[in-house]
Amino acid sequence: MTNRWKSIGLAALLAGLTLSASYAEAAGVLTIGRREDSTTFDPIKTAQNIDNWVFSNVYDVLIRVDKTGTKLEPGLAENWTASDDGLTYTFKIRDAKFSDGSPLTADDAAYSLLRIRDDAASLWSDSYKVIDTAVATDAHTLTIKLKNPSAPFLSTLALPNASVISKKGMESLGPDAYAEKPIASGAFTVDEWRRGDRVILKKNPNFWQADRVKLDGVEWISVPDDNTRMLNVQAGELDTAIFVPFSRVEELKKDPNLNVDIDASTREDHLLINHAHGALGKKEVRQALDLAIDKKAIVDAVTFGQGTVANSYIPKGALYYYADNLQRPYDPEKAKELLAAAGAADLTLTYLIRAGDEVDEQTAVLVQQQLQKAGITANLQKVDPSQEWDMTVAGDYDISVNYWTNDILDPDQKTTFVLGHDSNNNYSTNYKNEAVKELVAKARLELDPKKREQMYVDLQKMAKDDVNWIDLYYSPYINVSRKNIENFYQNPLGRFFLEDTVKN
C-alpha cells in the first residue's frame, strides 16, 4: 500500500516553478491550470470536457442553461415558440455579430444544427436526427420542423457542441483551419493555441454581451500533474486551477491566499469496460467485475468524504435518477464463482490510466488489489492524458476509469451517448443491447412525464444488469483560486461563467 499516495518530490517542486510569471501577472488576464490540452475547436468533433469547457465561452448557443444548472434561458435566441403539435419551433435570433464583425444570422444557426446532424465527423448526430428541416425564413427567424415531437429537443439546443458557428467562415476556411482558430460567437476569441501548452483567449469586442465581460483574456494552461498544478496556484503562478485532488482540499483551505470552491456537479466516475475484448463480452464476466470492486472502499480512500457511491449512470439529483437502482455488494467469492462458470477463471486485463492524475492512479491501485482477490490480474498501463483518450476511442484498453458530467438538463443526451447508439461505440465500450437501444429512442419521443420517467427507470435497471460499465461514485467540482479572483464558478453541468469572472 505504500504506493497508494503520491509524494511531492523535488522534480514536482521544480516543475511547479517553471511557468512564466508574466502570464499570471498580466492585468485582466485569468490563468487557469488544467490537466489536458484541448483537442479541437470544432464543436461537433468532441465529447470531452477539456474542449467543451473552453469553447463554451468561445461560442454561444441558441438556448443556455442558467447558473443554477436547473433551467433554460435565452442565448442567441431571444425567444421561441412551439406549435400545438410540438413539431414546429420558431426562434427569434437577436442582433449579434461574430468575432470577425460579420452578422450572426438565422442562416448560421440553421447551418450549425444541420451540420451537427449530418456531418460524418459529428459525434452527436443521433441526438439531432429528430430535426427534419431547419430554415432561416429571414435573417432573424429560424424555423425548425421536427420529424416527431421530442421531449429533450430544447435541452439539446443548449449543448455546447450545438454552438452557433459561422457558415461563411467554415465554408471558406474549411473544418481543419476553423478548428484551430475559430470565428467566435461567444465572449472570447482564440488568439493563439500553443499545442501541449496553452490556449490563449482574448475578449471578443463583438460579443452581444461584451459589456458583461470583465476580463481582458483567459489562458487555459496544461499542467498534467495534479500536485504541480496546485503548487503553481500556491506560488501565484496560476490564478486558478481545476481538478483539485481530494487529498489536497483541507490543506489548500488553510492557505490564506486561496479560495477552494466546492460546487454541485453532475459528475459520475465509472470504470469503462471494453465489451469487444474476449471474455469481457460476456455479461456474467462483467457482473463478476462489478462484484469484485469495493466502491465504498474507493470512495473512502480517494475522495476523503467528498464522494458518494454511485448506483446509476444518471447522476444523483438529475432528472429521472432512480435512487433504488441495484447496487451489487462487494463479494469477491461470488465473483470467482461467476468467472469460473463463464470459463474466465484466470482473467488478465490491461487497465489504462492517465499518468499524473492522482485520483485515477490511487483508484487503479485499489481496483487492482480488489480484483486480485477475485483471481483477476489487472496490469496497469500509465500513459499521457492526451494519449489515454485516443487509446480509449481506438479501443486499446480492457478497463479504464473515466468520468462524465451532463451537458444538458435532459437525461437523453448521456443515455443516447452511452447506451443508445453505435456511432461512438457507446462511449467506446462497444456495448450492444438492441432492446436498450430501442427503449432509448422511445424515451426520447415520450411526452408524458410519468411514462417517460418509468422508461428511464427501466433503462437504469437494464444498464446495471448488463454492466455497460461499472458505476463508481458521484462527486462535486473542486476548484481553487487566488483571493484576488472573484466569481470563478461552474454550474452543475460544468460550464464556467468566465464572462462574470473578475481579476482584481
Side-chain angles (χ1 to χ4, degrees), residues 1-4 6 35-36 39 47-48 50 224-226 268-295 297-298 301-302 310 313 328 330 332 335-336 338-404 418 422 424-432 463 466-473:
M1 300 290 282
T2 57
N3 63 342
R4 282 180 58 200
K6 292 186 58 174
R35 289 193 188 115
E36 303 99 331
T39 69
Q48 298 191 71
I50 58 170
D225 185 80
D226 287 340
E268 186 228 358
D269 283 64
H270 42 261
L271 186 72
L272 296 179
I273 303 172
N274 190 342
H275 297 216
H277 281 191
L280 295 177
K282 297 180 180 180
K283 179 168 69 173
E284 295 77 13
V285 172
R286 300 192 301 273
Q287 290 174 341
L289 287 176
D290 197 12
L291 288 164
I293 295 175
D294 187 344
K295 292 84 171 174
I298 292 172
V302 306
Y313 74 90
R328 289 186 178 87
Y330 173 53
K336 283 183 180 179
L338 285 177
L339 290 171
D346 298 317
L347 190 62
T348 298
L349 303 173
T350 298
Y351 188 147
L352 195 63
I353 312 166
R354 283 184 293 269
D357 185 324
E358 178 179 302
V359 172
D360 276 9
E361 292 186 6
Q362 293 169 2
T363 301
V365 172
L366 286 174
V367 170
Q368 181 187 47
Q369 294 169 347
Q370 292 170 0
L371 293 179
Q372 186 62 50
K373 293 179 181 179
I376 302 168
T377 299
N379 296 319
L380 307 185
Q381 182 182 6
K382 293 184 183 181
V383 298
D384 181 83
S386 58
Q387 182 186 5
E388 180 266 347
W389 176 251
D390 291 339
M391 291 176 68
T392 300
V393 171
D396 294 336
Y397 78 100
D398 291 327
I399 57 176
S400 178
V401 166
N402 215 307
Y403 78 97
W404 179 288
V418 304
D422 304 324
N424 60 41
N425 292 317
N426 282 329
Y427 206 54
S428 300
T429 61
N430 294 290
Y431 169 60
K432 297 289 186 295
D466 281 342
V467 194
N468 69 300
W469 64 32
I470 294 174
D471 302 305
L472 294 178
Y473 59 86

Which side-chain N or O atoms in residues 341-356 pair as donor and acceptor under 3.5 Å with protein atoms at least two apart or in another chain?
residue	atom	partner	partner atom	Å
R354	NE	D357	OD2	3.4
R354	NE	D360	OD2	3.2
R354	NH1	E388	OE1	3.4
R354	NH2	D360	OD2	2.5

Applying ring pair (Phe, Tyr, Trp, His ring centres under 6.0 Å), name anything that partners Y431, two or more places apart in sequence or on another chain.
->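 By the ring pair (Phe, Tyr, Trp, His ring centres under 6.0 Å) rule, Y431 matches H275.
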Can you sort out the partners of [X] under salt bridge (Lys or Arg N to Asp or Glu O under 4.0 Å), two or more places apart, ordered by chain and number?
X: K283; value: D465
X: K336; value: E333
X: K373; value: none

Which residues pass the side chain to side chain donor-acceptor pair (under 3.5 Å) test with [X], sequence neighbours left out?
X: D398; answer: H277
X: R328; answer: D290
X: Y330; answer: none
X: W404; answer: N406

Hits for side-chain contact (heavy atoms from CB on, under 4.5 Å) against Q387, two or more places apart or cross-chain, chain-then-number order -> V383, D384, M391
Under the side-chain contact (heavy atoms from CB on, under 4.5 Å) test, residues paired with Q368 that sit two or more places apart |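 Partners of Q368 by the side-chain contact (heavy atoms from CB on, under 4.5 Å) criterion, ordered by chain and then number, come out as A378, L380.
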K432 atom NZ: more than 12 heavy-atom contacts under 6.0 Å |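 Atom NZ in K432 is packed in, count exceeds 12.
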Are any side-chain N or O atoms of R286 and backbone N or O atoms of N468, one a donor and one an acceptor, separated by less than 3.5 Å?
->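 Between the backbone of N468 and the side chain of R286 there is no qualifying donor-acceptor contact (under 3.5 Å).
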